[in-house]
Amino acid sequence: MALARMGHSVLVITGNADRIGHLSCNPAIGGLAKGHLVREIDALGGCMGRWADEAGIQFRILNASKGPAVRARRAQIDRDSYLAAVKRDIFAQPGLTVWQDMVTGILAEDGRVRGVRTRLGKEFLADNVLLTTGTFLCGLIHVGLTHYSGGRFGDDAAMDLSDSLRSLGLELGRLKTGTTPRLLASTIDFDALEPQYGDEPPQGFSFTGPGPVLPQVPCWISWTNERTHDIIRSGLDRSPMFNGIITGTGARYCPSVEDKVARFPDRDRHHVFIEPEGLGALGYYANGISTSLPLDIQEKMIASIRGLEHAKIVRPGYAIEYDYVNPIQLRPTFETKKVHGLWLAGQINGTSGYEEAAAQGMWAALNIAAVIEGRPPFLPGRNECYMAVLADELVTKGTNEPFRMFTSRAEYRLLLREDNADARLTPLGRERGLVDDAQWRMFMERRQALDTLMESLSSFRVTPDAAARKIFAELGQPVPSQASTLAELCRRPDLDVRRLSAFLPSIAEAPEDILTEADIILKYSGYLELQEELVRKSAQRDSVAIPADMTYDGMAGLSREIQEKLNRVRPANLGQAGRISGVTPAALACIEIEIRKRAASGSPEPK
């Protein structure tokens, strides 16, 4: 969508055109750090946030009681509405063509991609090919001791493409993920479950869209118990995870229920979130009990959980193994180092989740457009967006397990809040030609509203006279000893911008999101300044480019282990080199000395 909306000719080849936009696993979008990514996609001019708002049936702000850096949106999604919204926009987008087929091979010549070959025998020629293969590369589905090829339940796997990638010199690994049983709604005893309601009013993802439009519904909570755990243990001998059938590495942060029971034997229960797959949904998603146990064990496990005693399984839980390309083999733009014009995004890079995949797709699209248009690559810094943190972590450190984004991965997370994603990225999206006039106008209006509010708060002074004393008493606040601006008063921990409208009624006229952003800026001003100073110091290393032909073998002061890591990653600058695991400050000093030696000897300066 991004490439087509920037005016480029795009062909989408997919195994099943009817399933474009299908949420394969959990019908939810957002979450901690993931919600940040969706907001950033929207700020850049992408579609995911608007699609989620159009299809969302429950919105919640996670960590609402904690600091602003770790608050994030999450939405339960009506699966059919989301799929319909995505397909509607994909098929209506000028310059974008959809072709249902299976890619079986990459056409390449002299280290450059030439196009793709499909199962139907067609060859499509292109200077740039972006692979977003999800879990389909040699996908193998497991339910107990039964296993068969598939990209997901009901869809064929891509069985030939892996060999084509290997023939181009790429190294592939094997990962595993899983999903939960889907339950028939009419067989669930909701009276026995604890309801979990969304926020009211619901807060959507998009900065410019109409926001949530569908009716909002609850999710439900139950728990496993000791009987559940005994049933799970009785089936471990037939679990493909525990008998060696599954060789791929699973997600550490989203383990299967059998893994939870085996790893945490002291826990007597685990959460089970019963989540609707849509309005009037026939099926519910049992979040928290992802499993590949045999079907008879799954049935007994479900029946042992409160509220699910008579629940019928519509679709069993299953594990899926699939091939991936360790992203250490990518350039920072997500172009492969081995083949020019071949780009990778999503689970093929070892990540998990819709949001991480969408962010990578956006990142790759903007960089493909940059190549076509002769622009500099799209490479904002780790201090500018979570996308950059995600990209840098992948290409610098690689991964040998399904990678999940967390706020803790961002060292400048107070600068990378959900509320200011538009301030950070919408100008970049505009400059790249993705933010249209309507979005830009709304962005500028929002910035103007924030500037006006901040000016009012900074200029309006409150003197401790009788009228002010009365207001302070009503607010339960001590009276300041001298005149103070509203901005200074807002820095009090228990006094936010909204309550200051008692002094200046026009404050209440500002939009709710503007009030929130102003409050954060004022309350955390000292911490924000500190992080900005750290950014300036870090930028010094990022500005020292490393020549592309730099060799590390035998470099003085570097251990053999560090030499091997540097040769594999090929860092673009000292900052990236320093983020490689095990590369010490002393090693960085050695690299910097070598760069200076090359410059002094007349070698061309790195660009």
Side-chain angles (χ1 to χ4, degrees), residues 25-28 140-148 153 175-196 218-277 282-321 352 401-402 404:
C25 191
N26 189 6
L140 188 63
I141 291 173
H142 299 268
V143 180
L145 301 181
T146 301
H147 56 270
Y148 56 91
F153 216 86
L175 295 179
K176 168 260 174 190
T177 189
T179 190
T180 73
R182 307 306 203 271
L183 308 177
L184 184 62
S186 61
T187 62
I188 298 172
D189 181 7
F190 291 101
D191 291 337
L193 303 176
E194 175 187 337
Q196 182 187 54
C219 295
W220 306 85
I221 302 174
S222 189
W223 302 81
T224 63
N225 52 60
E226 280 297 342
R227 181 165 168 254
T228 311
H229 299 177
D230 288 341
I231 292 169
I232 290 170
R233 293 185 189 101
S234 74
L236 291 182
D237 62 323
R238 290 184 290 147
S239 165
M241 279 187 57
F242 286 86
N243 62 17
I245 293 177
I246 290 179
T247 59
T249 305
R252 181 188 315 185
Y253 303 105
C254 189
S256 66
V257 68
E258 54 264 43
D259 200 23
K260 292 180 187 177
V261 170
R263 287 169 55 190
F264 307 106
D266 54 322
R267 292 281 298 275
D268 56 6
R269 66 177 191 169
H270 296 281
H271 266 117
V272 183
F273 296 94
I274 312 300
E275 301 173 337
E277 296 196 303
L282 299 177
Y284 271 70
Y285 182 93
N287 196 352
I289 52 172
S290 169
T291 185
S292 58
L293 286 165
L295 184 56
D296 62 308
I297 298 297
Q298 291 192 37
E299 292 171 335
K300 293 175 184 176
M301 173 183 72
I302 291 295
S304 71
I305 297 171
R306 180 178 174 84
L308 307 182
E309 293 88 349
H310 305 291
K312 293 188 182 299
I313 295 176
V314 176
R315 188 172 80 192
Y318 64 90
I320 182 167
E321 288 185 282
S352 63
E401 62 182 79
R404 181 176 177 178

*From CA spacing to verdict: side chain to side chain contact (heavy atoms under 4.5 Å, CB included), I274, L308*: CA-CA 10 Å; I274 312 300; L308 307 182; 4.0 Å; yes
*Do you know which two heavy atoms are closest between C25 and R182, and how far apart they sit?*
O-NH2, 3.2 Å
*asked:* Just verifying a value: how many Å separate L295 CG and I313 CD1, rounded to the nearest 0.5 Å?
replied: 6.0 Å
*If you round to the nearest 0.5 Å, how far is CG of N225 from CD1 of I305?*
7.5 Å
*Does any N or O in the side chain of E258 come within less than 3.5 Å of the main-chain N or O of T291, such that one atom is a donor and the other an acceptor?*
no
*Can you sort out the partners of L140 under side chain to side chain contact (heavy atoms under 4.5 Å, CB included), two or more places apart, ordered by chain and number?*
H142, H147, R174, E321
_Value rounded to 0.5 Å, distance of NZ in K300 from CD1 in I302_ = 14.0 Å
*Which atoms form the tightest heavy-atom contact between A303 and R227, and what is the distance?*
O-NH1, 4.2 Å
*Counting only N and O atoms by type, is there a donor-acceptor contact under 3.5 Å from the side chain of S222 to the main-chain atoms of R306?*
yes
*Would you mind reporting whether I231 and I297 have side-chain heavy atoms less than 4.5 Å apart?*
yes
*asked:* Just checking H270 against W223, ring centres under 6.0 Å apart?
replied: no
_By side chain to side chain donor-acceptor pair (under 3.5 Å) - contacts of D230 (at least two apart)_ = R233
_Nearest 0.5 angstrom please: N287 CG to N26 CG, how far?_
5.0 Å
*Close side-chain approach of I232 and T224, heavy atoms under 4.5 Å*: no
_Test your reading of the model: is there a side-chain donor-acceptor pair from K260 to the backbone of R267, 3.5 Å cut-off?_
no
*Please examine the side chains of V143 and Q298, heavy atoms only from C-beta on, and report whether any two atoms are closer than 4.5 Å.*
yes
*asked:* Just so I know, are the side chains of T180 and V257 near enough to count as touching, which here means a heavy-atom distance under 4.5 Å?
replied: no
*Taking every non-hydrogen atom, the tightest pair across I246 and A319*: CD1-CB, 3.8 Å
_Residues, nucleotides or ligands: over 12 heavy atoms within 6.0 Å of L145 CG_ = yes
*H310: what forms a side chain to side chain contact (heavy atoms under 4.5 Å, CB included) with it, not counting sequence neighbours?*
none
*CG/L175 to CD1/I320 distance, rounded to the nearest 0.5 angstrom?*
11.5 Å
*Partners of C219 by side chain to side chain contact (heavy atoms under 4.5 Å, CB included), sequence neighbours excluded?*
Q58, Q76, Q196, E275, P276
*With sequence neighbours excluded, tell me which residues meet ring pair (Phe, Tyr, Trp, His ring centres under 6.0 Å) with Y318.*
F153
*Is a side-chain donor or acceptor of S239 paired with a backbone partner of L236 at a separation under 3.5 angstrom?*
no
*Given V314 and E277, is the side chain to side chain contact (heavy atoms under 4.5 Å, CB included) satisfied, shown in steps?*
CA-CA 12 Å; V314 176; E277 296 196 303; over 6 Å; no
_Heavy-atom side-chain proximity of P240 to K176 below 4.5 angstrom_ = no
*Looking at N243 and R238, what are the two nearest heavy atoms and their distance?*
ND2-C, 4.0 Å
Mind listing the side-chain donor-acceptor pairs of residues 183-194 below 3.5 Å, one per line with the distance, residues two or more places apart or on another chain?
residue: T187; atom: OG1; partner: L184; partner atom: O; Å: 2.7
residue: T187; atom: OG1; partner: K312; partner atom: N; Å: 2.9
residue: D189; atom: OD1; partner: D191; partner atom: N; Å: 3.3

